[in-house]
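Okay, so here's the structure we're looking at.
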Protein chains: 2
Amino acid sequence: MRTKAPRRRTRAKQKRLSPDDRRKEFVVKATEFFSEEGFGGGTRDLARRLGVTQPLLYRYFPSKDDLIKEVYRTVYLEPLDTGWEKLLTDRSRPIRDRLQEFYNAYTNVIFDRKWLRIYLYSGLKGLDINRWYVDMVRDKILSRIIRECRHEAGFPVQSRPSAAELELAWVFHGGIFYYGVRKFIYGSPALEDKEQMISDALDAFLTGYARVFGAASELRLTPMKVVG
Amino acid sequence: MRTKAPRRRTRAKQKRLSPDDRRKEFVVKATEFFSEEGFGGGTRDLARRLGVTQPLLYRYFPSKDDLIKEVYRTVYLEPLDTGWEKLLTDRSRPIRDRLQEFYNAYTNVIFDRKWLRIYLYSGLKGLDINRWYVDMVRDKILSRIIRECRHEAGFPVQSRPSAAELELAWVFHGGIFYYGVRKFIYGSPALEDKEQMISDALDAFLTGYARVFGAASELRLTPMKVVG
DNA sequence: GCGATTGTTTATCGCCTGATTACTAATTAA
DNA sequence: TTAATTAGTAATCAGGCGATAAACAATCGC
């Protein structure tokens, strides 16, 4: 049916990239594609966006699902682990500075439309990788933050953070996370400079932590001090 | 298999409900179905779950999309507007009590697997109804909370809340919201009693608000009654 | 140059999807 | 009882899906 026979017409499409480059290009573009369309997006649409034909995808990935797994891998694992743990535990600096710098850096990574959308999609699918990520945040970030808070307050740090402490840290962390969701997924107008938001949230968290857990006893006491 | 026809072999499936009942049943079950499967879920699977055949859906809804719209409507609009605004602005009670009670009630509604999942799916789709909901939270809940905080602190309340104030309220609100996401979508173990979490988050928010925007001494942050 | 290798496309398969039509049978009114 | 109405089903359509096989064409070793 096509204008096939008469002229040679080398199709402009054919680029014949090296396998490695192709593969990387596929994963990068697939990440953009699936982050917008969801993982229900079709392989034909994806191929069209890539400027190649659909079966070519199957030369590089055995199945759509394998491609998706690679997308998860690059989204979740690649941008992580950039020395954040050391940053958080460097007690030569004030805890507030450390937390501000950490959350500046952390949000520079995750406050990205692609990242956030893929994260939410995978969360809705109930994927293991999502549970792994949540556990990682709890164990590598929040638990550490609480330990630093306890150290700052003169509490014993060898004991595990209490459920209530962890929960308050989660609310703080989740509140910051939700700022990104509002801005980059809901398209809500960003009401303020990101670092200012983090600074204010940090103030609230640190003073709140001191208020809720800063009583003399390590046992959970309801805050009894009535201010003024 | 009713006691109706002795021989006839009436198929057990046929129930012939009244149109109103059927329709309502369809919407309710469709909400459950789509909340789990996402809106990419198939009409045949939905029909199977309903115990009817797939074409019957099209007798009650012109298209799958119309059914989905009805699902949104019942999820978003039905459980809302239960006198929360009055609760928030009742200045005969301490602001902390009001906020605690409000968030207890609010989370009783939205901390529901169905609700949260549909909310997130619709957010990822970028639907108008989602933007409407976010605007509603901002204008009807957060702005009001800030106004009460300002009143409590002796600030002028006629001026609009500043962007920074609104942002701090969003972080607080989003942190609470994210608790529900963690618990009901990610299946993360709920670390603590919900109302205790709200109480602690409230302490952090109110203390933080006072620290960031005003003199802490002028805010009454803790409940009157002292819990042993 | 030439053949071998391999990146890329064309054509297609089987299955599933949303939606429609024509029929069946339960209910209602006379 | 009987005829009209309508809830519900069986059969099916056109199109899209993921995936495969075979044909084509760009590159590389020689």
Side-chain angles (χ1 to χ4, degrees), chain A residues 1-30 33-34 36-71 121 125, chain B residues 1-30 33-34 36-71 121 125:
Chain A
M1 220 37 166
R2 278 291 203 243
T3 53
K4 185 157 180 200
R7 292 267 87 186
R8 269 308 180 79
R9 278 187 101 271
T10 59
R11 262 168 296 271
K13 290 179 173 182
Q14 297 195 121
K15 289 177 183 173
R16 200 178 174 94
L17 295 185
S18 83
D20 263 18
D21 292 347
R22 261 282 188 253
R23 208 185 146 81
K24 280 174 190 161
E25 187 195 3
F26 280 9
V27 174
V28 169
K29 294 286 186 70
F33 177 76
F34 287 127
E36 288 303 321
E37 307 294 325
F39 294 102
T43 53
R44 281 169 180 80
D45 285 346
L46 169 58
R48 193 174 305 123
R49 188 177 294 204
L50 283 161
V52 299
T53 53
Q54 179 243 7
L56 190 58
L57 294 171
Y58 289 86
R59 176 153 302 259
Y60 291 90
F61 306 95
S63 72
K64 180 185 175 181
D65 224 58
D66 287 271
L67 170 55
I68 287 175
K69 275 175 190 161
E70 198 114 352
V71 167
Y121 275 121
K125 281 220 267 182
Chain B
M1 267 324 187
R2 281 282 199 247
T3 53
K4 184 101 179 261
R7 290 278 86 185
R8 277 300 186 74
R9 281 186 94 264
T10 62
R11 262 174 294 271
K13 290 179 173 182
Q14 297 195 121
K15 287 179 185 174
R16 201 179 172 94
L17 296 185
S18 84
D20 262 19
D21 293 348
R22 261 284 188 250
R23 208 185 146 81
K24 281 172 190 162
E25 187 195 2
F26 280 9
V27 173
V28 169
K29 295 284 187 70
F33 176 76
F34 287 127
E36 288 303 320
E37 306 295 324
F39 294 103
T43 54
R44 279 171 181 77
D45 285 346
L46 170 57
R48 191 174 307 122
R49 188 178 293 206
L50 282 161
V52 299
T53 54
Q54 180 244 8
L56 189 58
L57 294 172
Y58 289 86
R59 175 164 299 263
Y60 292 90
F61 306 95
S63 73
K64 179 184 176 181
D65 224 59
D66 287 273
L67 170 55
I68 288 175
K69 276 175 190 160
E70 199 115 352
V71 167
Y121 275 122
K125 281 220 266 181

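Note on naming: letters A, B, ... go to the chains in the order of the sequence lines (proteins, then strands), and numbering restarts at 1 for each one. Owing to the predicted nature of the structure, the values given are computational and were not obtained by experimental measurement. Values reported hereafter were calculated over all heavy atoms of this structure, with side chains retained and with hydrogens, waters and symmetry mates removed.
- Atom-to-atom, CG of A:Leu57 to P of C:dT9 comes out at 10 Å; the value is rounded to the nearest Å.
- Of all nucleotides listed (D:dC17, D:dT12, C:dT21), D:dC17 comes nearest to the side chain of A:Asp45.
- Atom CG in A:Leu50 sits about 15 Å away from atom C1' in C:dG7, given to the nearest Å.
- Atom CD in A:Glu25 sits roughly 15 Å away from atom P in C:dG7 (whole-Å rounding).
- Between B:Gln54 and A:Gly41, the one whose closest nucleotide on DNA chain D sits nearer the 5' end is B:Gln54.
- No more than 12 heavy atoms of other residues, nucleotides or ligands sit less than 6.0 Å from atom NZ of B:Lys24.
- Of the listed residues (B:Leu57, B:Asp21, B:Val71), just one forms a side-chain contact (heavy atoms from CB on, under 4.5 Å) with B:Phe26, and that residue is B:Leu57.
- Proximity of A:Glu25 to A:Tyr60: side-chain heavy atoms (C-beta onward) are nowhere separated by under 4.5 Å.
- For the pair B:Phe26 CZ and D:dA7 P, the computed distance is 11 Å after rounding to whole Å.
- Taking atom CD of B:Glu37 as the reference point, atom P of C:dT17 lies 11 Å away to the nearest angstrom.
- Nearest to the side-chain atoms of B:Pro55 among the listed nucleotides D:dT20, C:dT21, C:dT9 stands C:dT21.
- Distances from the side chain of B:Leu56 to the nucleotides D:dT9, D:dT20, D:dT12 place D:dT9 closest.
- The side chain of B:Arg22 approaches D:dG8 more closely than any other nucleotide in the set D:dG8, D:dC13, C:dT21.
- Among D:dA7, D:dA10, C:dG7, the nucleotide with an atom closest to any side-chain atom of B:Tyr60 is D:dA7.
- When rounded to the nearest whole Å, the span between CG of B:Asp21 and P of D:dA7 equals 12 Å.
- Of the candidate nucleotides C:dT10, C:dA19, D:dT9, D:dT9 has the atom nearest to the side chain of B:Thr53.
- The 5' end of DNA chain D is approached more closely, in terms of each residue's nearest nucleotide, by B:Val52 than by the other of B:Val52 and A:Lys64.
- In this structure, OH of B:Tyr58 is placed 8 Å from P of C:dT20, rounded to the nearest angstrom.
- Taking atom CZ of A:Arg23 as the reference point, atom C1' of C:dT6 lies 16 Å away to the nearest angstrom.
- Side-chain atoms of B:Arg44 and base atoms of C:dG18 include a donor and an acceptor less than 3.5 Å apart.
- With hydrogens and angles left out, the side chain of B:Arg59 and the base of D:dG8 share a donor-acceptor pair within 3.5 Å.
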Before you tell me yes or no, could you show the steps for B:Phe33 and B:Leu50 under side-chain contact (heavy atoms from CB on, under 4.5 Å), namely the whole-Å CA-CA distance, both residues' side-chain angles and the distance that decides it to 0.1 Å?
CA-CA 10 Å; B:Phe33 176 76; B:Leu50 282 161; over 6 Å; no

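- Counting only distance, with no hydrogens or angles, the side chain of A:Lys64 and the backbone of A:Phe39 share a donor-acceptor pair below 3.5 Å.
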